[in-house]
Number of protein chains: 4
Amino acid sequence: MALRGVLRLGEVAIRVLDMDSARKHYVDHMGLIEVMADDSERKIYCKAWDEHDHHSIVLREADEAGLDYFAFKVFNDQVLVDLEARISAYGIEVSRIDAGVYPKSGRRIEFNLPSGHRMQLYAEKEQIGNTLGTRNPGVIPDEGVVRGLCINRLDHCLLGGPNIDESAKLFREVFDFDLSERIEDEESRDSLALFLSCSTKPHDIAFVIQPEPGRFHHVSFLLESPTDVIHAADMIGKHRIPVDVGPNRHGVTRGNTIYFFDPSGNRNEVFSGGYVHYPDTPTLTWDTSQMGPAQFSQDNIPRESFLTVVT
Amino acid sequence: MALRGVLRLGEVAIRVLDMDSARKHYVDHMGLIEVMADDSERKIYCKAWDEHDHHSIVLREADEAGLDYFAFKVFNDQVLVDLEARISAYGIEVSRIDAGVYPKSGRRIEFNLPSGHRMQLYAEKEQIGNTLGTRNPGVIPDEGVVRGLCINRLDHCLLGGPNIDESAKLFREVFDFDLSERIEDEESRDSLALFLSCSTKPHDIAFVIQPEPGRFHHVSFLLESPTDVIHAADMIGKHRIPVDVGPNRHGVTRGNTIYFFDPSGNRNEVFSGGYVHYPDTPTLTWDTSQMGPAQFSQDNIPRESFLTVVT
Amino acid sequence: MALRGVLRLGEVAIRVLDMDSARKHYVDHMGLIEVMADDSERKIYCKAWDEHDHHSIVLREADEAGLDYFAFKVFNDQVLVDLEARISAYGIEVSRIDAGVYPKSGRRIEFNLPSGHRMQLYAEKEQIGNTLGTRNPGVIPDEGVVRGLCINRLDHCLLGGPNIDESAKLFREVFDFDLSERIEDEESRDSLALFLSCSTKPHDIAFVIQPEPGRFHHVSFLLESPTDVIHAADMIGKHRIPVDVGPNRHGVTRGNTIYFFDPSGNRNEVFSGGYVHYPDTPTLTWDTSQMGPAQFSQDNIPRESFLTVVT
Amino acid sequence: MALRGVLRLGEVAIRVLDMDSARKHYVDHMGLIEVMADDSERKIYCKAWDEHDHHSIVLREADEAGLDYFAFKVFNDQVLVDLEARISAYGIEVSRIDAGVYPKSGRRIEFNLPSGHRMQLYAEKEQIGNTLGTRNPGVIPDEGVVRGLCINRLDHCLLGGPNIDESAKLFREVFDFDLSERIEDEESRDSLALFLSCSTKPHDIAFVIQPEPGRFHHVSFLLESPTDVIHAADMIGKHRIPVDVGPNRHGVTRGNTIYFFDPSGNRNEVFSGGYVHYPDTPTLTWDTSQMGPAQFSQDNIPRESFLTVVT
């Protein structure tokens, strides 16, 4: 009971076209900490300062940008056992990956979502801490630990594809996520975007309708406060990072947000805030008559790019 | 799985010495919304603007200040059934309260903690919403809805008494809470304060050692940002509300905080922030050699009142 | 010595197409305080809460939007006498307006700028205070006094027209303003925009090149903090006020800003921050190769509307 | 006219008991930039990042803590000439110091205030800029330039001594400062503290009554926003810097403030905000019946140390 089962989005593996510029973006400019590099596989592993696990972002150099896979961490191995059975019973094929295949990680199970995304679950990853220690830790890391966009944590991702109702159904029925918000077509009532939570956050994962499967809308990182969003916007501007939208506030989730692009065209978000969500919080529904306020509530201007630009 | 079972602190019932001054404090000055009054029972019922349930604070006029009881909301009635069995099996006597005995509320179960506090669990309470509605809700309530200290939600309470290890054990073993932080005596290693979470918040309830059972250290309300804490401090100052400590930042939980007192001497807190907690976040331990930083990390001055003033 | 002579922009008179919608915008939504209405002249007079003088904004219903005139307050009548002589000696014709012609105001002098704007100077205006009083004033007005966009003060305006170098020369040589910043054409080095200060603010008035004389780019109001800019953006979004740009940070002046339009198409700005300027601060020069960063440094996107939309 | 004559507090020379610990405090922890050291004179020279002049703080190792002298920068040499005459005519003896005697500085004039403080005026100091340059400067310095408490500028100082009315009279009558605020004894109406402005800031210098002449209450540094005050408080706590009071808000000036001590016992302040002051803003008067709100308006608790602890 309490927060058990699926805990959080623990790892997002992103394809980038050029590792040098990707490292400059994610490490030098955004301020993620590079914890490990694997030159033979053309990968680097990064974390945000306030995460305890070894890494949360994997960048892989490839010929096409986009999402390799994403992985949620679960409470313990028993949850993995239970979920494997539930996913299979739901009719989705599950494969097993031995501990150590993914570095610093325990065993994983892997499967494909109806929306065409590769998803993994794991219960163990090496912990390296957040530099504060666990005895009389204090609250402020040394200068230099928190830098760039001052990112606290990986938070969520938004995935594009067809069959998003089916992907959401899996999260709700098998993983016990709640549907916090939904954008629908005003006339057909078809789902355009679905936001799902397994915690007190307004979303831990979301889906947006896209014609092609397996698309990547954005990966999102948590900042500590609305003023940190302003600071991030200043740094994004200083480094001439291409901005999609922001700073602004989402109607959906109420988060203060900036959308921007990595050098490969993958969309990133930094945000803070959003309301506190519980399983008994009513699902909020937006429709296409209010796409402006649903997307960006500080100017109510719907951005074409929101529904069309993905990797 | 995900966030199920025990959801949150849903109701705190506080004894006040005089209802007029209490109403002035909680409603006029703090800005809680009075949703119902029961003159015959000398009670008023209040909520914060962003809570959906009918009320979260009950004030009762009595001859002594302090805590009547506190109640956690659980996911559904099945959880109540399961928890009743688990609590009884744990050796604590549970009594049942019919739906409607507590207004707007479904049935409850009630029991006493080893630390001497009366605790309840319930699965149902009438929902009245947060004024934004659930279809194209927007993000900002009308002017006048959010006022006073601009409180978003009831968040947690800190309870004083003996046997706090035993109370914490019940929360961990029966309610599946995690021990997020702990303050211990540097020499004896005895527990002085214990902080427990059932969510991604650093605490949903906490206990502090006190010689007398059933003591009330404070009830705490969530603000949206560190600047809202500054605003709250300005309003507290304007209304000459007696301040205990603040604004400052707690070492424990990292929250930006102000402690102050209601006219009956019950301690209140408003705060924002704090880190994101998960069940796999390491427990943080502080000891008495660092009581200053553990309590108030912006000046490291331990406050005598923190451990001595309760109702 | 010290801050003497010309003090500040004290009054901006704006033409609006419809008084009802203008009042809704400036008073109901922006939160300016309507202190006086003159139905026969179809005018209303407004102030921001933290201004002591009777009013700073005059709205007049007319067939065309735009700027009627703007007026700076000077230290005392002797300054008026001196400046009248200096302006005349500079070759600009000055006319005198008796005390009382403009309500609540002492005598004024009036003249036209080379850029085609009507400017006035006055030394006296009735003071009505900021509600805090002057003895043991406290720091926080009663709830309801600060509302809407939580505007503290009228701050500056940006005027469009030809001959902006000549208008700036008058401010520098006759009024002792400093040129804080300048935008120039990268090739011709012609002035595109000029920012002038008579205080420690980065600008008290500014000019932008426009083919037609007497154009009004925007009037700007001061907020207390960057988070108040976020709050203002939320309120602007809630009231569906048309947004031009923002929230963002200006490269010029470093202010955190939002541009939006009143119902008549007059551009408004709310902002906070900006660096502290002194007469010995070097003039900052931007050129057209950096129009994005000069205008909006958080995304470096130059807005066409910045140079083309005026009233 | 406009801001001419006396511009700002440009230099404060502080005696410290030990240079190593002083450097650790002012440079390593506070984040001031050490621009020059003079080992033979046991001095270091520092500036804040957004100041253009070569330095604003001089630390000198000595046997007693306190203030050596403070210096205001004036508009140009003609102002120096004029003020020398006015000060002499006022009856205060003035001495001249040649250019170069104070490093990087033009000639100075020096005199003693009735309150026992040594004051200087100068018109020239070498400018080294704020790292942004003056052509297409951008708004954000490189990472590492703004660090520690993220101080923007030296702002003001508060001086303790007898005859503060006389010192204030000199500032008002000879330097054209305005009396922005005043604290008086409720019964005798004697001045306890006087706050004086030569700009749009609520004070550029202030005096507090003290039995001994030439006492130093604090030197104050400007931060950019209220959230930067919170950040500074976190860093002050992290470095175990002894805190006098804060964070809190002053009633006088409305600034968000923290008072703390350097290792020699000299009081420092960092603050942000405060209202915009003009020469026609009414003087605000506080009396001893409201010493709490006048000093610290977020808890209304008068601090004994405010009037007793000086160096």
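We name chains A, B, ... by the order of the sequence lines, and we start the count at 1 in each one.
Between chain D and the options B:Pro293, B:Pro247, B:Pro242, B:Ala232, the largest number of non-hydrogen pairs under 4.5 Å is found for B:Pro247. When each of B:Val243, B:Ile230, B:Ile236 is scored by its heavy-atom pairs under 4.5 Å with chain D, the top score falls to B:Ile230.
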Donor-acceptor table for chain B and chain D, threshold 3.5 Å:
unit_1, atom_1, unit_2, atom_2, d
B:Ile230, O, D:Gln298, NE2, 3.4
B:Asp234, OD1, D:Arg249, NE, 2.7
B:Asp234, OD1, D:Gln298, NE2, 2.9
B:Asp234, OD2, D:Arg249, NE, 3.2
B:Asp234, OD2, D:Arg249, NH2, 2.6
B:Gly237, O, D:Asn300, ND2, 2.9
B:Arg240, NH2, D:Gln290, OE1, 2.9
B:Arg249, NE, D:Asp234, OD1, 2.7
B:Arg249, NE, D:Asp234, OD2, 3.2
B:Arg249, NH2, D:Asp234, OD2, 2.6
B:Gln290, OE1, D:Arg240, NH2, 2.9
B:Gln298, NE2, D:Ile230, O, 3.4
B:Gln298, NE2, D:Asp234, OD1, 2.8
B:Asn300, ND2, D:Gly237, O, 2.9

